[in-house]
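Report on one structure; see the data block that follows.
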Protein chains: 2
Amino acid sequence: MATVFTSRQAIQITGVTQRQLAYWRKTGLITPSQRTPGGHSRYTFHDLIALKTAKRLIDAGVSLQKLRNSITALTRTLPQLKQPLSELSLLATGDVILVFHEGAVFETLTGQEWILPIAQFQREVERKQNTRRPSPSSGQGELFPETSGDDFQDGSAANSK
Amino acid sequence: MATVFTSRQAIQITGVTQRQLAYWRKTGLITPSQRTPGGHSRYTFHDLIALKTAKRLIDAGVSLQKLRNSITALTRTLPQLKQPLSELSLLATGDVILVFHEGAVFETLTGQEWILPIAQFQREVERKQNTRRPSPSSGQGELFPETSGDDFQDGSAANSK
DNA sequence: ACCTGACAATTTTTTATTTTTTTGCCAGAT
DNA sequence: ATCTGGCAAAAAAATAAAAAATTGTCAGGT
């Protein structure tokens, strides 16, 4: 149950290099959960998942620094997580990392995301069309009166940059 | 049915400015599907969705140029689309635009995306653990023989950058 | 009412340069 | 066997400057 893995095993299983393992250990990105009395690393299964996740994100084009920043941001957004790399479902693009958490999608660095609800907009416009009153003069178009129109503005705050 | 909208209506409904409407029209980002004999714009419902989508992406922090590049890439990836902005479900982060299409998630510019299958990796390691043979000497860890190990490497091609 | 064009202000992209981070390799220590 | 450290190469990030794109405002034309 409480099986642990040596560095060599972690390397073979996850595909990270020895150098990376050492550097990540040194810089605190992923540290072995256990150590032998002699100071040798013992990686838990949990650790392996984190290592493999980091490896995959890197292979997906994510830089190590962005990975660090993402983890920092995630642990701030979701403090209950001890090891985001092994506890979350991450989707990597070359530039950003998205996290799927409780049905929502976040960008790891900013935490802001939303799906564009096109269907909802369609309903809005259709409702508008139903409440229109045909203007007698114009033959085509000009279906709206001097609509106050403001009720249609997208209320979402514009977060420029 | 074939209701069309004037520029003013499109502005009121979608929230884009008159200048944007004109510039997008001039640069071909979103052009009205119809014109009056006098040369005035008539935007279809389809057009409105595209306008609203562009507006929302811009509000989400996406620049117009990235929007253009995304559309170009999308129409190359999915040639059957005439107007990606009104036919796809898009998710915007500050930096990239993702498209949901037939159950998959793409990054619009590169077309490359994949979700990290953590569950699958867990199964891999567990299978490895089951096929291990206990080494007689070591008390903790060192559970693996001199495993060839290569069968565990992630086969996914590393697309650096 | 709407379109177009022109000018200027703002924003975004591009490019080049410098700095930092990451990695490979090797040697010595535990 | 594994860890640590040092050094150099490679990759990535931060920075600054220049170029391009976008937008606001206004005026004239239809």
Side-chain angles (χ1 to χ4, degrees), chain A residues 4-12 15-32 34-43 54-55 57-59 61-70 94-95 109 135 137-138 140-147 158-161, chain B residues 4-12 15-32 34-43 54-55 57-59 61-70 94-95 109 135 137-138 140-147 158-161:
Chain A
V4 291
F5 302 85
T6 66
S7 293
R8 163 174 274 269
Q9 290 167 347
I11 290 169
Q12 290 179 325
V16 305
T17 66
Q18 179 185 346
R19 191 67 178 83
Q20 285 175 318
L21 207 61
Y23 187 63
W24 297 354
R25 192 166 49 210
K26 179 183 179 183
T27 56
L29 180 71
I30 298 172
T31 56
Q34 302 180 23
R35 292 271 192 169
T36 64
H40 284 198
S41 301
R42 290 296 178 268
Y43 289 93
K55 171 78 162 69
L57 290 172
I58 289 172
D59 286 346
V62 176
S63 74
L64 201 55
Q65 299 183 40
K66 278 181 181 159
L67 192 47
R68 289 186 200 277
N69 294 338
S70 294
D95 263 355
L109 287 175
S135 71
S137 55
S138 56
Q140 188 192 35
E142 269 74 20
L143 297 172
F144 287 13
E146 286 296 320
T147 48
N159 62 332
S160 54
K161 177 67 183 182
Chain B
V4 291
F5 302 84
T6 67
S7 293
R8 162 173 276 270
Q9 290 166 346
I11 289 169
Q12 289 179 326
V16 306
T17 66
Q18 180 184 345
R19 189 67 176 83
Q20 286 174 318
L21 207 60
Y23 188 62
W24 298 355
R25 192 165 49 211
K26 179 183 178 182
T27 56
L29 180 70
I30 299 172
T31 54
Q34 300 180 26
R35 293 270 192 169
T36 65
H40 284 198
S41 301
R42 290 296 178 267
Y43 288 94
K55 170 79 162 70
L57 291 173
I58 289 172
D59 287 347
V62 177
S63 74
L64 200 55
Q65 299 183 42
K66 278 182 183 159
L67 191 48
R68 288 186 200 278
N69 294 338
S70 293
D95 263 355
L109 286 176
S135 74
S137 55
S138 56
Q140 188 192 35
E142 270 73 23
L143 297 172
F144 286 13
E146 286 293 321
T147 48
N159 63 332
S160 53
K161 174 71 183 183

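Every heavy atom of this structure was used, including side-chain atoms; hydrogens, water molecules and symmetry mates were not. So that the names make sense, note that chain A is the first sequence line, chain B the second, and so on, each numbered from 1. All figures in this text were calculated on a predicted structure; none of them were measured in a lab.
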Give a yes/no answer on whether the side chain of [X] brings an N or O atom under 4.0 Å of OP1 or OP2 in [N].
{"X": "B/T27", "N": "D/dA21", "value": "no"}
{"X": "A/Y23", "N": "C/dT22", "value": "yes"}
{"X": "B/Q20", "N": "D/dT23", "value": "yes"}
{"X": "B/R68", "N": "D/dT22", "value": "yes"}
{"X": "A/S41", "N": "D/dC3", "value": "yes"}
{"X": "B/T6", "N": "C/dC2", "value": "yes"}

* Could you tell me whether the side chain of B/R19 has a donor or acceptor atom within less than 3.5 Å of a complementary atom in the base of D/dT25? =>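 Between D/dT25 and B/R19, which were checked side chain against base, a qualifying N/O pair under 3.5 Å is present.
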Nearest-0.5 Å distance that lies between atom [atom1] in [X] and atom [atom2] in [Y]:
{"X": "B/L29", "Y": "B/R68", "atom1": "CG", "atom2": "CZ", "result": "5.0 Å"}
{"X": "A/S70", "Y": "A/L57", "atom1": "OG", "atom2": "CG", "result": "8.0 Å"}
{"X": "A/H40", "Y": "A/R8", "atom1": "NE2", "atom2": "CZ", "result": "13.0 Å"}
{"X": "B/W24", "Y": "B/K55", "atom1": "CH2", "atom2": "NZ", "result": "8.5 Å"}

In whole Å, what is the span from the [atom1] atom of [X] to the [atom2] atom of [N]?
{"X": "A/N69", "N": "C/dT20", "atom1": "CG", "atom2": "P", "answer": "16 Å"}
{"X": "A/D59", "N": "C/dT22", "atom1": "CG", "atom2": "P", "answer": "16 Å"}
{"X": "A/L21", "N": "C/dT23", "atom1": "CG", "atom2": "P", "answer": "11 Å"}
{"X": "A/K26", "N": "D/dC3", "atom1": "NZ", "atom2": "C1'", "answer": "12 Å"}
{"X": "B/H40", "N": "D/dG29", "atom1": "NE2", "atom2": "P", "answer": "15 Å"}
{"X": "B/L67", "N": "D/dT23", "atom1": "CG", "atom2": "P", "answer": "10 Å"}
{"X": "B/Q18", "N": "D/dC26", "atom1": "CD", "atom2": "C1'", "answer": "11 Å"}
{"X": "B/Q12", "N": "C/dA1", "atom1": "CD", "atom2": "C1'", "answer": "13 Å"}

* Provide the closest heavy-atom pair for A/T31 versus A/Y43 in the form atom of the first, atom of the second, distance. =>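 That would be C-CE2, 4.2 Å.
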* To do: Grab the two heavy atoms, one from B/L21 and one from B/V16, that are nearest each other, plus how far apart they are.
  =>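 The answer is CD1-CG2, 3.9 Å.
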* **A/Q9 backbone acceptor or donor facing A/Q12 side chain under 3.5 Å** =>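 No.
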Between [options], which nucleotide gets closest to the side-chain atoms of [X]?
{"X": "A/R25", "options": "D/dT4, D/dT22, C/dT23", "result": "D/dT4"}
{"X": "A/S63", "options": "D/dT23, D/dA12, D/dC3", "result": "D/dA12"}
{"X": "A/R8", "options": "D/dT4, D/dT2, C/dA1", "result": "D/dT2"}
{"X": "A/T17", "options": "D/dT22, C/dG24, D/dC3", "result": "C/dG24"}
{"X": "A/K66", "options": "D/dA13, D/dT2, C/dC3", "result": "D/dA13"}

* **Rounded (10°) bend between the five-pair end axes of the helix from C/dA1-D/dT30 to C/dT30-D/dA1** =>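 Computed angle between terminal axes is 60°.
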* 5' priority, DNA chain D, between A/A22 and B/W24 [closest heavy atom] ->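 Looking at the nearest nucleotide for each, A/A22 comes out on the 5' side.
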* Using a 4.0 Å heavy-atom cut-off across all strands, classify B/G39 as base, sugar-phosphate, or nothing. =>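 Counting heavy atoms under 4.0 Å across all strands, the contact made by B/G39 is with sugar-phosphate only.
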* Quick one: are B/I30 and B/R25 in side-chain contact, heavy atoms under 4.5 Å? ->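 No, side chains not in contact.
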